[in-house]
Amino acid sequence: MADIFNQMLSRYNIKTKEDRQNAVHEVMQQICLAGLNRAGFFDKAAFYGGTCLRIFYNLPRFSEDMDFSLTEIDDNFNLETYFDAITNEFTLLGREVQIQKKEKSQDTQIESAFLKDNTDIVNIRFQTDPSVKIKIEVDKVPPLKFNTEHKLLLLPFSFMTRCFTLPGLFAGKVHALMFRKWRNRVKGRDWYDFEWYIRNNVQLDFNHFKERVIQSEGIEFENLTLDQFKQLLKEKINSTKIEMVTDDVRRFVINPQELEIWSTGYFLQLADMMRIEA
């Protein structure tokens, strides 16, 4: 069974140490999905975020974390229920992993940037290579009004993963781009993905976007119009230092030359090209 792990790695073009680390990271993510599938996790949850986009929709950049949303609100959901299924999946492939539930601290900037009080988070790392680490987040009280579909992976065995559809994924990404609460930093991957959605002619699910904004920013956004949304988006673009965005995303991008066109004007024109599913 250990050969399956190497078979999964063989699909990547590995030339550098960083290439190998990215490939190992992504293979681990797929093994996590397999373990969760065996345990029935996707009966009540769906995969979303950049890693979902990378694995199932061919986003041409690597992604670090794994984000999941319950399909119905459940304050009592406990991710630890699935720890054994994940570790067993790695054991089948001849790998030992350590899973540690992350205790949340309200005092850190990352906590306020990434997490909500109703999010379960764990870290998974190789015993033999602690530099390779995966963070899993499960939103137990998610913004709803999203659609899902089942997407196929063939390794480590054939199985289905329940994923957000592309319009819902786009809504989540634009919400993160506009409202992520980092004081002096930007997440370049948000902007890279924003460009990818528009280039691939994906519609944004505006109803799901509004659900996310209402939950994070308040009920006053309940009557947000498309024109108001476009104005807020362009204000965000104008107030962001695009050179910082570019520097942040560069290490995740397979072909950094595609970032050369990035500028405020470029993203403003992208915003005008958005297709919105109202």
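Everything quoted here is computed from the prediction, not taken from an experiment. When a residue number appears, it is its place in the shown sequence, counting from 1.
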query: Are the aromatic ring centres of Phe170 and Tyr197 under 6.0 angstrom apart?
result: yes
query: Between His175 and Phe179, how do the two ring planes meet: parallel, tilted or perpendicular, split at 30° and 60°?
result: tilted
message: Is there a continuous path of hydrophobic side-chain contacts, each under 4.5 Å between heavy atoms, that joins Trp196 to Ile261?
response: yes
- request: Identify whether Met160 and Leu53 are in the same connected component of the hydrophobic contact network (ILVMFWY, side-chain heavy atoms under 4.5 Å).
  value: no
query: Counting only N and O atoms by type, is there a donor-acceptor contact under 3.5 Å from the side chain of His25 to the main-chain atoms of Lys133?
result: yes
task: May I ask you to decide if Thr225's main-chain N or O and Gln228's side chain share a donor-acceptor pair within less than 3.5 Å?
output: yes
query: When you look at Tyr192 and Glu258, which way does the side chain to side chain donor-acceptor pair (under 3.5 Å) test go after all the steps?
result: CA-CA 10 Å; Tyr192 185 91; Glu258 61 189 292; 3.2 Å; yes
task: Give the intermediate values and the outcome of side chain to side chain contact (heavy atoms under 4.5 Å, CB included) for residues Met66 and Leu33.
output: CA-CA 9 Å; Met66 301 183 77; Leu33 292 172; 3.6 Å; yes
query: Would you call Lys44-Glu72 a salt bridge at under 4.0 Å N-O?
result: no
statement: Separation between CG (Leu177) and CG (Leu233), nearest 0.5 Å, reads 7.0 Å
message: Is the shortest side-chain heavy-atom distance between Leu232 and Phe221 below 4.5 Å?
response: yes
- prompt: Which heavy atom in Ile86 sits nearest to a heavy atom in Cys32, and how many Å separate them?
  reply: CG2-SG, 4.2 Å
query: Does the cation-pi check pass for Arg251 over Phe62, that is, NZ or CZ under 6.0 Å from the six-membered ring centre and within 45° of its axis?
result: no
query: Is there a donor-acceptor pair under 3.5 Å between the side chain of Asp248 and the backbone N or O of Gly188?
result: yes
task: First locate atom OG1 of Thr264, then atom NZ of Lys241, and finally report the distance between them rounded to the nearest 0.5 Å.
output: 11.5 Å
field: Backbone of Gly168 reached by a side-chain donor or acceptor of Glu277 within 3.5 Å
entry: no
task: Name all pairs fulfilling the salt bridge (Lys or Arg N to Asp or Glu O under 4.0 Å) condition that reach into residues 219-239, sequence neighbours left out, sorted by first residue then second.
output: Lys234-Asp272
message: side chain to side chain contact (heavy atoms under 4.5 Å, CB included), that's the test. Do Phe252 and Asn22 meet it? Break it down for me.
response: CA-CA 9 Å; Phe252 294 98; Asn22 284 332; 5.6 Å; no
- prompt: Do Leu154 and Leu9 belong together in a cluster built from hydrophobic side chains that touch within less than 4.5 Å?
  reply: no
statement: To the nearest 0.5 Å, atom CG of Leu268 lies from atom OH of Tyr266 at 12.0 Å
message: Let's go through Phe209 and Phe229 carefully: what are the C-alpha distance in whole Å and the side-chain angles of both, what is the deciding distance for ring-ring contact (aromatic ring centres under 6.0 Å, His included) to 0.1 Å, and is it a yes or a no?
response: CA-CA 10 Å; Phe209 172 80; Phe229 158 70; 4.9 Å; yes
task: Please determine, by modelled atom types, if Trp262 and Glu195 share a side-chain donor-acceptor pair under 3.5 angstrom.
output: yes
task: To the nearest 0.5 angstrom, please state how far the NZ atom of Lys140 sits from the CG atom of Asn76.
output: 7.5 Å
message: Do the side chains of Glu137 and Lys135 get close enough for a salt bridge, i.e. N-O under 4.0 angstrom?
response: yes
- prompt: How would you list, by chain and number, every residue that makes a salt bridge (Lys or Arg N to Asp or Glu O under 4.0 Å) with Asp84, sequence neighbours excluded?
  reply: none
task: State the CG-CD1 distance between Asp67 and Ile136, to the nearest 0.5 angstrom.
output: 10.0 Å
- request: Kindly write out the residues that satisfy ring pair (Phe, Tyr, Trp, His ring centres under 6.0 Å) with Phe164, not counting sequence neighbours, or none if the list is empty.
  value: Tyr48, Phe146, His208
field: Common cluster, Ile31/Leu152, ILVMFWY with side-chain heavy-atom separation under 4.5 Å
entry: no
- prompt: Counting heavy atoms not belonging to Glu149, are there more than 12 under 6.0 Å from its CD?
  reply: yes
- prompt: Linking I/L/V/M/F/W/Y whenever any side-chain heavy atoms sit under 4.5 Å apart, do Phe90 and Phe157 land together?
  reply: yes
- request: Give a yes or no answer on whether the side chain of Asp205 reaches the backbone of Asn207 with a donor-acceptor pair at less than 3.5 Å.
  value: yes
Closest contact, heavy atoms only, Ile198 versus Met273: CG2-CB, 3.9 Å
statement: Sorted by chain and residue number, the salt bridge (Lys or Arg N to Asp or Glu O under 4.0 Å) partners of Arg189 (sequence neighbours excluded) come out as Glu64
- request: Dump the intermediate steps for side chain to side chain contact (heavy atoms under 4.5 Å, CB included) on Asn88 and Leu92, then the final yes or no.
  value: CA-CA 6 Å; Asn88 289 343; Leu92 283 172; 5.7 Å; no
- prompt: Does the Arg275 side chain pair with the main chain of Asn201, one donor and one acceptor, at a distance under 3.5 Å?
  reply: yes
Distance-minimising heavy-atom pair for Gln30 and Ile55: CG-CD1, 4.0 Å
task: Only pairs at least two apart or in different chains count here, so list each side chain to side chain donor-acceptor pair (under 3.5 Å) that has a residue in residues 160-173.
output: Thr148-Arg162, Lys173-Asp190, Lys173-Asp193
field: Atom pair CD/SG of Gln29 and Cys52 - distance to nearest 0.5 Å
entry: 11.0 Å
- prompt: Relative to the ring of Tyr82, is the ring of Phe41 parallel (under 30°), tilted (30 to 60°) or perpendicular (over 60°)?
  reply: perpendicular
statement: Between Ser63 and Thr51, the two heavy atoms sitting closest are OG-OG1, 2.9 Å
Worked verdict on Glu260 versus Gln257 for side chain to side chain contact (heavy atoms under 4.5 Å, CB included): CA-CA 6 Å; Glu260 292 177 1; Gln257 290 181 329; 4.0 Å; yes
- request: Can you tell me which residue pairs pass the salt bridge (Lys or Arg N to Asp or Glu O under 4.0 Å) test with a partner in residues 9-29, sequence neighbours excluded?
  value: Glu26-Arg54
task: Return the minimal non-hydrogen interatomic distance between Pro156 and Glu89, and the atom names on each side.
output: CG-OE2, 4.3 Å
message: Looking at every heavy atom in both Leu204 and Val174, which two are closest together, and how far apart are they?
response: CD1-CG2, 3.4 Å
